[in-house]
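Down below is the structure, laid out as structure tokens.
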Amino acid sequence: MSKFDVMKWLLFNSGPIIRFRTMTDLLASNDIQEVSKAIEDVLSSQMVEQWLPQLNNGIGFEDIHSSNPESIENTLYKLGQLGMKAGFQPFDSHTLAYRVWLSDRISSPAVSFHEQLMRTIMAASLANAGYGNISPVQAVLKSRLETIARFVSSFDSKNIYADSSEYEIPKARSNWKLINPVLYRESSFPLPWIHDLVGVAKVQDFRNDSSSVRKINSVCKAILRDEYQELPTGYGLVREHGRYYVSGWSVHLPYFERFTDGKGDSHDMLDGAKLLLWLELLSPLPVICQSDWFQNAVLFLEIYRTRYDTYIFPREWLREKGSGYWINGAYMAFQRGGRNRKVIECESTFRMLKLKHQARLSRASGVS
């Protein structure tokens, strides 16, 4: 089938969420009546009715960041995946408290590692849900971008870690390297998080600003270096107020070595969900999109193309787990129940078309 015919196939065969997102993300439909009806169907879908009420929880650290599906990061990211976006009611009403929370904090510096992480997760998940044009979201993500870009401009993995013997690290944490407290004692944590990249990728104003583009490109180039990808996953320990925490959320690209070397093999693909999700999330970033890792990974996904030009990925790639982190691919489904072959085919096909569509736009924007 032609690409347009595959999209028409999606409109005819998919559930309300993929149907709506195909109209708006891929076909850019301007049929107001048709799109309005599709929005109504999305809002009344079982998946949205399950996830939307979960935005009524508190705004403490564990409310924002945890593997609980009801945490703000999982719920906001997931609802963005389900087609919810700024301007939709009742979505705007449910996200108001989070936008106010972020706005109240941007006038003062983030004084702790956890505060920085909370703000970044909130800003990135709001940007992913269509709020990338509001000033609190942009302020947080721009501050993070500037911090990270400064750090990677003189990146040297030898300077990241401290001598652990000089600190009283609990035995339970002794297997982790200690990220040098000097790096973040009096300033922001300088190492990039995946949430940083997801956030800046969703802010169109950054991609239209030459200064921001240069910083984004420099960060992406640093991430693609072997020296960065060879760092311990999650970086290591952060010391804060005499206690030690595992930092997490490093931008270790799934199967980086394999795809950078151009070797893709489905027989030992362990976490296709995360690979598929990260390719989509990072595809608006030209440096990433034009990398060997990205291009070889997308080429690898083509083995799941059917003779009808649709796609059918392994069922576990489109899983819906009982707990876990959305950013790691824990909640990939677009509809509840009935996870039959046709549903998997629709979800696989939409994800692949969306990924390739964003990659084309990204490549057209070039790299400076």
Side-chain angles (χ1 to χ4, degrees), residues 25 64-65 73 76-77 80-81 85-86 98-99 102-103 105-106 110 115-153 155 187-225 228-229 235 247-253 277-291 293-294 325-328 354-355 357-359 361-368:
D25 295 13
I64 294 174
H65 172 58
E73 67 172 303
L76 261 181
Y77 274 134
Q81 172 187 314
K85 60 184 67 178
Y98 307 144
R99 289 178 278 137
L102 201 61
S103 180
R105 279 161 173 74
I106 59 174
E115 177 68 19
Q116 293 171 49
L117 183 60
M118 289 168 69
R119 294 186 190 186
T120 304
I121 289 175
M122 186 71 83
S125 54
L126 283 169
N128 187 65
Y131 295 97
N133 64 332
I134 66 173
S135 58
V137 167
Q138 292 195 5
V140 170
L141 295 175
K142 186 173 184 179
S143 176
R144 284 291 299 159
L145 177 60
E146 291 172 349
T147 296
I148 298 164
R150 280 196 304 271
F151 180 76
V152 302
S153 66
F155 175 77
S187 58
S188 297
F189 186 77
L191 289 160
W193 292 314
I194 180 59
H195 299 287
D196 294 310
L197 272 292
V198 172
V200 299
K202 291 292 185 178
V203 179
Q204 185 64 46
D205 287 352
F206 292 170
R207 302 203 300 274
N208 293 337
D209 175 69
S210 59
S211 176
S212 295
V213 167
R214 285 193 295 271
K215 292 169 185 173
I216 292 169
N217 289 346
S218 69
V219 171
C220 292
K221 288 174 183 176
I223 286 167
L224 288 164
R225 289 168 58 187
Y228 174 86
Q229 291 296 322
Y235 300 129
S247 64
W249 306 124
S250 57
V251 195
H252 280 83
L253 302 173
L277 181 62
W278 280 37
L279 287 169
E280 179 182 335
L281 292 174
L282 299 177
S283 61
L285 304 173
V287 170
I288 300 292
C289 185
Q290 296 179 29
S291 69
W293 170 77
F294 185 95
Y325 292 98
W326 181 90
I327 200 73
N328 284 340
K354 174 66 175 175
L355 165 59
H357 174 72
Q358 289 185 157
L361 294 177
S362 180
R363 283 192 293 268
S365 69
V367 177
S368 60

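Quantities reported herein were computed from a predicted structural model and do not represent experimental measurements.
- Residues forming a salt bridge (Lys or Arg N to Asp or Glu O under 4.0 Å) with D25 (at least two apart in sequence, or on another chain): R21, K354.
- S143 is linked by a side chain to side chain contact (heavy atoms under 4.5 Å, CB included) to nothing, counting only residues two or more places apart in sequence or in another chain.
- For Y131, the side chain to side chain donor-acceptor pair (under 3.5 Å) criterion is met by D92, T95, not counting sequence neighbours.
- The residue from I194, L279, L282 that alone fulfils the side-chain contact (heavy atoms from CB on, under 4.5 Å) condition with L253 is L282.
- With sequence neighbours excluded, no residue forms a side chain to side chain donor-acceptor pair (under 3.5 Å) with Y325.
- For residues 132-141, the pairs satisfying side-chain hydrogen bond (donor to acceptor under 3.5 Å, both in side chains) are Q138-D205, with sequence neighbours left out.
- For R207, the side chain to side chain contact (heavy atoms under 4.5 Å, CB included) partners at least two apart in sequence or on another chain are Q204, P284.
- Side-chain contact between L76 and N128: absent, with no pair of heavy atoms (C-beta onward) separated by less than 4.5 Å.
- With sequence neighbours left out, the side chain to side chain donor-acceptor pair (under 3.5 Å) criterion links Y98 to no other residue.
- Ring geometry, W249 versus H195: the interplanar angle exceeds 60°, so the pair is classed perpendicular (tilted spans 30 to 60°).
- In this structure A123 satisfies the side chain to side chain contact (heavy atoms under 4.5 Å, CB included) test together with L102, V137, V140, L141, sequence neighbours excluded.
- With sequence neighbours left out, the side chain to side chain donor-acceptor pair (under 3.5 Å) criterion links Q229 to no other residue.
- Scanning for salt bridge (Lys or Arg N to Asp or Glu O under 4.0 Å) contacts around R225 gives E227, with sequence neighbours left out.
- With contacts defined as side-chain heavy-atom distances shorter than 4.5 Å, the pair E73/W326 does not qualify.
- To the nearest 0.5 Å, the span separating CH2 on W278 from CG on L355 amounts to 15.0 Å.
- Put simply, CD1 on I64 and CE on M118 are 3.5 Å apart, with the number rounded to the nearest 0.5 Å.
- E146 pairs by the salt bridge (Lys or Arg N to Asp or Glu O under 4.0 Å) definition with K215, not counting sequence neighbours.
- With sequence neighbours left out, the ring pair (Phe, Tyr, Trp, His ring centres under 6.0 Å) criterion links F189 to F113, Y184, W193.
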